[in-house]
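Every number for a ligand or one of its atoms is a count from 1 in the order of the listing. Sequential numbering from 1 along the given sequence is applied to the chain's residues.
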Amino acid sequence: MKLLKTLLVTAATLLPVSGYAQTVGFSQIGSESGWRAAETAVTKEDAKQEGITLKFADAQQKQENQIKALRGFIAQGVDAIFLAPVVATGWDEVLGEAKDADIPVILLDRKVDAPDDLYMTAVTSDTVHEGKVAGEWLKDAVDGKPCNIVELQGTTGASVTIDRKKGFADAIDGASNLKIIRSQTGDFTRAQGKIVMESFLKAEDGGKDICALYAHNDDMALGAIQAIKEAGLKPGKDIKIVSIDSVPDMHLAIAHGESNATVELTPDMAGPAFKALKAYWKDGTMPPKWIQTKSTLYTQDSDNMAAYDRKKDLGY
Ligand code: GZL
């Protein structure tokens, strides 16, 4: 009996019970887009609600800053790490160091090309599916008519860029009327989206032959809308626009007829991540390797002002 009691007490002291002020280190990519800013705000709020101390590090979109932050979290002995990986490759070594330190890592909103025993789970949308939804919408919208498409890609090397490009290409594959004539990164920012769209318009005779824009996120599309207007064209009419994120400003643009469709991405990736962590800390329950968030298409037929009102105070 005495031995059993000793074993139970030892086990109880080994497993941190919920209610400890656990600490999670969060390596965030930066604040390149409205969606990213909202993800940061929602994550900080979620941590507060969960009674978890969040150590936050903004990497200004540089992988080396993320790796430095992860090493800092490991040295501080945090209870877990959240990582939104700016690009997909180059993580094996530092994730191996976290594993050796017995610190679980959860990926938020983007994935890594690394063995999946180096992270507990990834909370992301189906980023190939997002691209497919965008491509299928455009295919229906042009209804068989010839359509030259320009594409604003996200950050080069990011899993989400690779996937959104693939999904869109898969959706239009075989539709001989649809052709991507120019494709370039706008690095997920409004400023770059405007600059690259200006170059597309200039290269394509003022945009006369451009029928549609596919942007890997709303912020680049919003920048492109400015460029299209300054070129004397009507965004949403002369050039159809489809993008991804469903940020409040994009719902305003669609409501005003200046864009056509957006695929929603929830900024709350941390909620499911904290839930998985708490289950693990409580009794060692391991989550699935992928926790998928859903994607909803909004078009000019959707209630965009209701979506705008629902989202406008979320920190975008
Ligand atoms: C997608 C996320 C992307 C958003 C962009 O999960 O990584 O990064 O679509 C953000 O707005 O920059």
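Distances from ligand 1 to the non-hydrogen atoms of Arg164 include at least one value under 4.0 Å. Put simply, part of Asp245 is less than 4.0 Å from ligand 1, judged by heavy atoms.
With salt bridges taken as basic N to acidic carboxylate O contacts below 4.0 Å, one links Arg182 and Glu204. Ion pairing of Asp249 with Arg190 is present here, as a side-chain N (NZ or NE/NH1/NH2) and a carboxylate O approach within less than 4.0 Å.
Although no hydrogens or angles enter the test, the distance criterion places no donor-acceptor pair under 3.5 Å between the side chain of Thr161 and the main chain of Gly157. For the pair Thr155 (side chain) and Ala158 (backbone), a donor-acceptor distance under 3.5 Å is absent.
Both the backbone and the side chain of Asp109 come within contact range of ligand 1, each with a heavy atom under 4.0 Å. Looking at Leu265 against ligand 1, only its side chain comes within 4.0 Å, counting heavy atoms.
Below 4.0 Å from some heavy atom of Arg36 lie the following atoms of ligand 1, by number and element: 2 (C), 3 (C), 7 (O), 8 (O), 10 (C). Proximity to Glu32 (heavy-atom distance under 4.0 Å) selects the following atoms of ligand 1: 8 (O), 10 (C), 12 (O). Close approach of ligand 1 to Arg110 is summarised as follows: ligand atoms under 4.0 Å from at least one heavy atom of the residue are 2 (C), 3 (C), 7 (O), 8 (O), 10 (C), 12 (O). Near Ser33, with a cut-off below 4.0 Å to any heavy atom, the atoms of ligand 1 are 5 (C), 10 (C), 11 (O), 12 (O).
Between Glu32 and the choices Gln61, Gln192, Met220, the side chain to side chain contact (heavy atoms under 4.5 Å, CB included) rule is met once, by Gln61.
Using cut-offs of 30° and 60° for the angle between ring planes, the His251 and Tyr298 rings count as perpendicular.
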